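Lettering follows sequence order; numbering is per chain, from 1. In this text, all values refer to a predicted model and were calculated from it rather than measured experimentally.
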Amino acid sequence: MNPFTKKSIEIIKSIPEGTIMTYGQIARAAGSPRGARQVVRILHSMSHVYDLPWHRVINAKGEIAINDDESHFVQVSLLKSEGIEIDEHDRINVSRYRYEWHDTNKIETDFMDLK
DNA sequence: AATTTGACGAAGC
DNA sequence: GGCTTCGCCAAAT
């Protein structure tokens with residue numbers, strides 16, 4: 001498994017209940033600014049294997065990105081059950097619920113650079 | 001080996 | 001807000 005995949009999984013697993021992240025946000029946090037589609041691939045193929053909170057990942061517009069009607073419904077239900085408000089167009093206020101992930105190691109590095 | 005395919009995203013009308 | 005167009009990139013075909 002490559003570093004990007006590994007880190008993406010780590011990040012996704014860390015998303016707290018009641019919050020969300022976007023595909024692009026995860027890709028950037030994992031070190032690949034243009035890797036949003038790879039995040040999609042990871043969620044699609046590894047959610048069940050690594051027990052990922054896949055429903056907490058949405059697109060940058062605040063929409064449920066998944067196409068399949070059944071899974072789409074499941075995702076909306078799970079998010080609502082965590083207290084996330086979803087409007088009549090199945091959209092979410094991203095700025096309100098976004099989880100601001102930060103890399104502990106990177107913060108250490110930045111801190112050391114100050115000296 | 002070449003082309004298509006996405007649970008994407010930003011930009012431009 | 002809806003709709004294109006473009007850039008992206010690994011996996012599937």
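Nearest heavy atoms, A:Ile42 versus A:Phe4: CD1-CE2, 4.2 Å. Scanning both residues, A:Ala36 and A:Ala27, for their nearest heavy atoms gives N-CB, 3.6 Å. Minimum heavy-atom separation, A:Ala30 to A:Ser8: CB-OG, 3.5 Å.
For the pair A:Asp68 CG and B:dT5 P, the interatomic distance rounds to 19 Å; values are reported in whole Å. As rounded to whole Å, 15 Å separates atom P of B:dC8 from atom CZ of A:Arg28. Nucleotide B:dG6 holds its P atom 13 Å from the CD1 atom of A:Ile66, rounded to whole Å.
Here, C:dC6 and B:dA7 have their P atoms 22 Å apart, quoted to the whole Å.
The stretch residues 5-26 of chain A touches DNA chain B through A:Thr22, A:Tyr23, A:Gly24, each having a heavy atom within less than 4.0 Å of the strand. A heavy atom lying under 4.0 Å from DNA chain B marks none of the residues of residues 83-101 of chain A. Near DNA chain B, meaning a heavy atom under 4.0 Å away, the residues from residues 47-61 of chain A are A:Trp54, A:Asn59, A:Ala60.
Taking the side chain to side chain donor-acceptor pair (under 3.5 Å) definition, one finds that A:Asn2 meets it with A:Thr5, sequence neighbours left out. The side chain to side chain contact (heavy atoms under 4.5 Å, CB included) search around A:Asn67 returns none, not counting sequence neighbours. Residues meeting the side chain to side chain donor-acceptor pair (under 3.5 Å) test with A:Ser71, sequence neighbours left out: A:Asp68.
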## Note on the structure
Once base and sugar-phosphate atoms are separated, protein heavy atoms under 4.0 Å mark nucleotides 7-13 of chain C, 5' to 3', with B, S and - as BBBSS--
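Rounded to the nearest 0.5 Å, atoms CD1 (A:Ile11) and OH (A:Tyr99) are 9.5 Å apart.
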Is there any protein nitrogen or oxygen under 3.5 Å from a nitrogen or oxygen in nucleotides 1-3 of chain B, and what are the pairs?
none

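Here the side chains of A:Asn93 and A:Ile84 are not in contact, with every heavy-atom distance at 4.5 Å or above. Between A:Trp54 and A:Val74, the closest side-chain pair of non-hydrogen atoms falls below 4.5 Å.
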### Task
Evaluate the side chain to side chain contact (heavy atoms under 4.5 Å, CB included) criterion for residues A:His72 and A:Val76: first the C-alpha distance (whole Å), next the side-chain angles of each, then the deciding distance (0.1 Å), finally the verdict.
CA-CA 6 Å; A:His72 188 289; A:Val76 170; 4.0 Å; yes
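Every pair passing salt bridge (Lys or Arg N to Asp or Glu O under 4.0 Å) that includes a residue from residues 88-97 of chain A is listed here, sequence neighbours excluded: A:Glu85-A:Arg96. Pairs of residues two or more places apart, or lying in two chains, that qualify as side chain to side chain donor-acceptor pair (under 3.5 Å) and include a residue from residues 10-25 of chain A are A:Ser14-A:Trp101, A:Gln25-A:Arg98. Among pairs with a residue in residues 35-44 of chain A, none fulfils side chain to side chain donor-acceptor pair (under 3.5 Å), at least two apart in sequence or across chains.
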For residues 55-62 of chain A, please give each side-chain donor-acceptor pair under 3.5 Å, one per line with the distance, not counting sequence neighbours.
{"from": "A:His55", "atom 1": "NE2", "to": "A:Glu82", "atom 2": "OE2", "distance (Å)": "2.8"}
{"from": "A:Arg56", "atom 1": "NE", "to": "A:Ile15", "atom 2": "O", "distance (Å)": "3.3"}
{"from": "A:Arg56", "atom 1": "NH1", "to": "A:Glu82", "atom 2": "OE1", "distance (Å)": "3.2"}
{"from": "A:Arg56", "atom 1": "NH1", "to": "A:Glu82", "atom 2": "OE2", "distance (Å)": "2.6"}
{"from": "A:Asn59", "atom 1": "OD1", "to": "A:Lys61", "atom 2": "N", "distance (Å)": "2.9"}
{"from": "A:Asn59", "atom 1": "OD1", "to": "A:Gly62", "atom 2": "N", "distance (Å)": "3.2"}
{"from": "A:Asn59", "atom 1": "OD1", "to": "A:Glu63", "atom 2": "N", "distance (Å)": "3.0"}
{"from": "A:Asn59", "atom 1": "ND2", "to": "A:Glu63", "atom 2": "OE1", "distance (Å)": "3.2"}

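A:Leu43 and A:Ile20 are members of different hydrophobic clusters when ILVMFWY side chains are connected at heavy-atom separations under 4.5 Å.
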